[in-house]
Amino acid sequence: MMEGACDREARRITRETAVRAGLREPDDLLARLAFRDSTGALTEEDMTDGPEADSTSEAARYVEALRHYQAAVNGRYETFLGEFAPGEKESLHDLLLTAVISGDVRGLSAWLDDRHGPGTFAGAFQTGTYFAPVPGPRGATP
């Protein structure tokens with residue numbers, strides 16, 4: 001989630017900067033994909049069409065890595081926002097990003113608990129062993 005939140009914010013900043021600078025999508029396929037990736041404008045078509053004829057080419061490897069990252073990080077983060085904050089994605093994103101930057105999860109935890117019940121933060125982000133003692137040398141607990 002941390003990487004998804006930070007990447008989403010970086011894409012927003014890049015998109016706004018591109019608009020202010022008057023930058024437009026390049027015509028070249030790879031440059032266009034890079035532009036769309038960095039500005040958060042990738043389409044479903046971008047994720048399914050591309051230079052795959054020669055899977056060993058640099059272009060094909062780039063597109064495959066881009067697709068994997070989009071699915072594994074950005075796509076999952078957007079799914080998380082949609083599931084936990086329908087109609088309030090930006091609010092949850094802002095809270096999560098604030099928690100990532102500050103290390104203080106109280107606002108995020110309270111927001112989630114208010115909408116989904118007590119313990120939502122712990123249930124969504126912490127495993128059962130989150131507060132368990134960390135084993136010391138040779139399995140000894142501190």
Side-chain angles (χ1 to χ4, degrees), residues 1-52 55-142:
M1 288 305 119
M2 291 171 52
E3 190 171 6
C6 292
D7 196 54
R8 187 176 203 258
E9 193 63 17
R11 289 179 289 144
R12 182 193 61 79
I13 293 166
T14 304
R15 183 173 49 255
E16 290 174 2
T17 302
V19 168
R20 277 196 311 272
L23 300 175
R24 299 175 193 263
E25 274 190 14
D27 292 328
D28 174 74
L29 174 66
L30 291 179
R32 184 173 57 248
L33 286 173
F35 182 89
R36 288 180 179 177
D37 177 39
S38 65
T39 59
L42 286 170
T43 66
E44 197 63 37
E45 184 178 90
D46 292 333
M47 296 296 92
T48 56
D49 295 336
E52 299 167 300
S55 63
T56 62
S57 73
E58 182 178 351
R61 289 192 311 270
Y62 170 75
V63 170
E64 182 58 32
L66 179 100
R67 289 176 180 159
H68 176 74
Y69 186 85
Q70 178 64 21
V73 177
N74 296 327
R76 285 182 180 166
Y77 184 65
E78 288 302 318
T79 298
F80 166 78
L81 292 176
E83 289 177 3
F84 281 85
E88 298 182 281
K89 283 182 172 184
E90 290 305 316
S91 295
L92 179 54
H93 169 69
D94 290 346
L95 286 164
L96 208 144
L97 190 62
T98 299
V100 167
I101 294 169
S102 70
D104 183 351
V105 299
R106 290 177 293 187
L108 173 62
S109 182
W111 192 93
L112 287 168
D113 287 355
D114 184 50
R115 282 154 183 82
H116 301 286
T120 300
F121 176 83
F125 292 103
Q126 300 170 348
T127 67
T129 59
Y130 187 78
F131 292 108
V134 176
R138 295 173 218 220
T141 56

Working to the nearest 0.5 Å, report the span between [atom1] of [X] and [atom2] of [Y].
X: Asp28; Y: Phe35; atom1: CG; atom2: CZ; result: 13.5 Å
X: Leu30; Y: Tyr62; atom1: CG; atom2: OH; result: 7.5 Å
X: Gln70; Y: Glu78; atom1: CD; atom2: CD; result: 8.5 Å
X: Leu96; Y: Met2; atom1: CG; atom2: CE; result: 9.0 Å
X: Glu90; Y: Leu97; atom1: CD; atom2: CG; result: 10.5 Å
X: Leu92; Y: Trp111; atom1: CG; atom2: CH2; result: 4.5 Å

Non-neighbouring partners of Phe84 that pass ring-ring contact (aromatic ring centres under 6.0 Å, His included), sequence neighbours left out: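 ring-ring contact (aromatic ring centres under 6.0 Å, His included) check on Phe84 returns Phe80, His116.
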Side-chain ([X]) to main-chain ([Y]) donor-acceptor, under 3.5 angstrom:
X: Arg15; Y: Thr39; answer: yes
X: Asp46; Y: Thr43; answer: yes
X: Thr14; Y: Ala10; answer: yes

For the student: nearest non-hydrogen atoms of His93 and Leu81, plus distance: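 The pair with the smallest heavy-atom distance is N-CD2, 3.9 Å.
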Would you name the heavy atoms of Ala99 and Leu108 that are closest together and state the gap between them?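 What the structure gives for the nearest pair is CB-CD2, 4.2 Å.
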Around atom CZ of Arg76, are there more than 12 heavy atoms from other residues, nucleotides or ligands closer than 6.0 Å?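 Not buried by this count: 12 neighbours or fewer within 6.0 Å.
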Derivation of the side chain to side chain contact (heavy atoms under 4.5 Å, CB included) call for Arg11 and Arg8: CA-CA 5 Å; Arg11 289 179 289 144; Arg8 187 176 203 258; 3.6 Å; yes
Is there a side chain to side chain contact (heavy atoms under 4.5 Å, CB included) between Leu66 and Leu42 once you walk through the steps? CA-CA 10 Å; Leu66 179 100; Leu42 286 170; 4.1 Å; yes
Looking at side-chain heavy atoms only, is the closest gap between Val105 and Phe121 below 4.5 Å?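 Heavy-atom side-chain distance check passes, below 4.5 Å.
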Test log, rule side chain to side chain contact (heavy atoms under 4.5 Å, CB included), inputs His68 and Val73: CA-CA 8 Å; His68 176 74; Val73 177; over 6 Å; no
Charged N to carboxylate O under 4.0 angstrom, Glu9 versus Arg12?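 Here Glu9 pairs with Arg12 in a salt bridge, since their nearest N and O are under 4.0 Å apart.
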Going by atom types alone, do Ser91 and Asp94 pair a side-chain donor with an acceptor below 3.5 Å?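 No donor-acceptor contact under 3.5 Å links the two side chains.
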